[in-house]
Amino acid sequence: MAIIDPVIEITGLTTRFGSHIIHENIDLTVYKGEILALVGGSGSGKTTLLRQMLGLVTPAQGSVRILGARRYDCGREEQRKLRTRSGVLFQQGALFSALTVFENVALPLREMRTLCEGTIRELVMLKLGMVGVEVQHARKMPAELSGGMVKRIALARALALDPELLFLDEPTAGLDPALSEGFVDLVRSLREELALTVIMVTHDLDTLVAISDRVAVLADRRIVALGPIPEIITIDHPFITAFFGGMRGRNALRALQQH
């Protein structure tokens, strides 16, 4: 049996804001090349956990190792390297409204301060092409873009530095079913093409079923279930029953079984 390398190792993680405890003694391992989805009810701490992997929120206790390095206990240079090896697509895209499409994607490349403008231009157009954005859109402002286009531009920016890890926060939120399906297909193909490991927060059942290899269910301050969807749905827990047992859940699971 092949040994799969862990790329994220979370051990004994507790998150506390004042007297309010979000996570309590969480353990989680993410393996190279997989798409892991984080699901849970409102206030369960899924986005907070994602932000802790990114180094944006410091846990009260516990350790987070990313690509072999301690996220909260390493030097500035190692932190910088970790940032270049990770890409993130925030909810709603989070494009800079005062910058063009081109400038948004070029921003992380310019922050490196090692590339000439000609190389930056080539890389920006390459990344836009990878996500299916045609060259004529490069000069547009974010306000001129559709919701689906914003997501694609944000994904191009997340991929600008050729990351090994891709973090997606509600990547299909606000998209109609056709655009959502197209975005899922794009992420799936990019995962294969670029050998990405993907960590995704989502509440969208169709996206979850279509793309995730494993699901981590957050509830009661902990991970109450972890595994492929066929295993998850056999677990007796109120959130799991409510989340997967409704009409949308049954339809999504039916689609999974048909494939």
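In terms of heavy atoms, Ser212 sits closest to Ile229 at OG-CD1, 3.8 Å. What you find for Phe96 and Asn104 is that their closest heavy atoms are N-OD1, 2.8 Å.
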Start with the C-alpha gap between Val57 and Phe17, add the side-chain angles, then the distance that decides, and say whether side chain to side chain contact (heavy atoms under 4.5 Å, CB included) holds. CA-CA 11 Å; Val57 176; Phe17 297 114; 4.2 Å; yes
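Annotation: Arg191, atom CZ; neighbour count of heavy atoms from other residues, nucleotides and ligands within 6.0 Å is above 12. Heavy atoms from other residues, nucleotides or ligands lying under 6.0 Å from CZ of Arg139 number 12 at most. No more than 12 heavy atoms of other residues, nucleotides or ligands shown are found within 6.0 angstrom of CG on Asp236. Residue Glu181 places its CD atom among 12 or fewer non-hydrogen atoms of other residues, nucleotides or ligands, all under 6.0 Å distant.
Its side chain outside the 4.5 Å cluster rule for every partner, Ile21 clusters with none of the Ile, Leu, Val, Met, Phe, Trp and Tyr residues.
Formation of a donor-acceptor pair under 3.5 Å by the Glu144 side chain with backbone atoms of Met141 is found in this model. At least one donor-acceptor pair under 3.5 Å links the side chain of Thr197 to the backbone N or O of Gly33. Side chain of Ser189 to main chain of Leu186: a donor-acceptor pair is present (N/O by atom type, distance under 3.5 Å, no hydrogens or angles). Formation of a donor-acceptor pair under 3.5 Å by the Glu170 side chain with backbone atoms of His203 is found in this model. With hydrogens and angles disregarded, no donor-acceptor distance shorter than 3.5 Å links the side chain of Arg110 to the backbone of Ile120. Although no hydrogens or angles enter the test, the distance criterion places a donor-acceptor pair under 3.5 Å between the side chain of His23 and the main chain of Gly45.
A salt bridge between Asp27 and Arg222 is absent, with no side-chain N of the basic residue lying under 4.0 Å from a carboxylate O of the acidic one.
Taken from CD1 in Ile153 to CG in Leu99, the straight-line distance is 12.5 Å, to the nearest 0.5 Å. Here the CZ-CD1 distance, from Arg214 to Ile232, works out to 9.5 Å after rounding to the nearest 0.5 Å. Here CE of Met53 is found 7.0 Å from CG of Leu36. Values are rounded to the nearest 0.5 Å. The CG atom of Leu38 sits 8.5 Å away from atom CE of Met200, with the distance rounded to the nearest 0.5 Å.
With 3.5 Å as the limit, one finds a donor-acceptor pair spanning the side chains of Thr207 and Thr172.
The shortest distance between side-chain heavy atoms of Leu13 and Leu49 falls below 4.5 Å.
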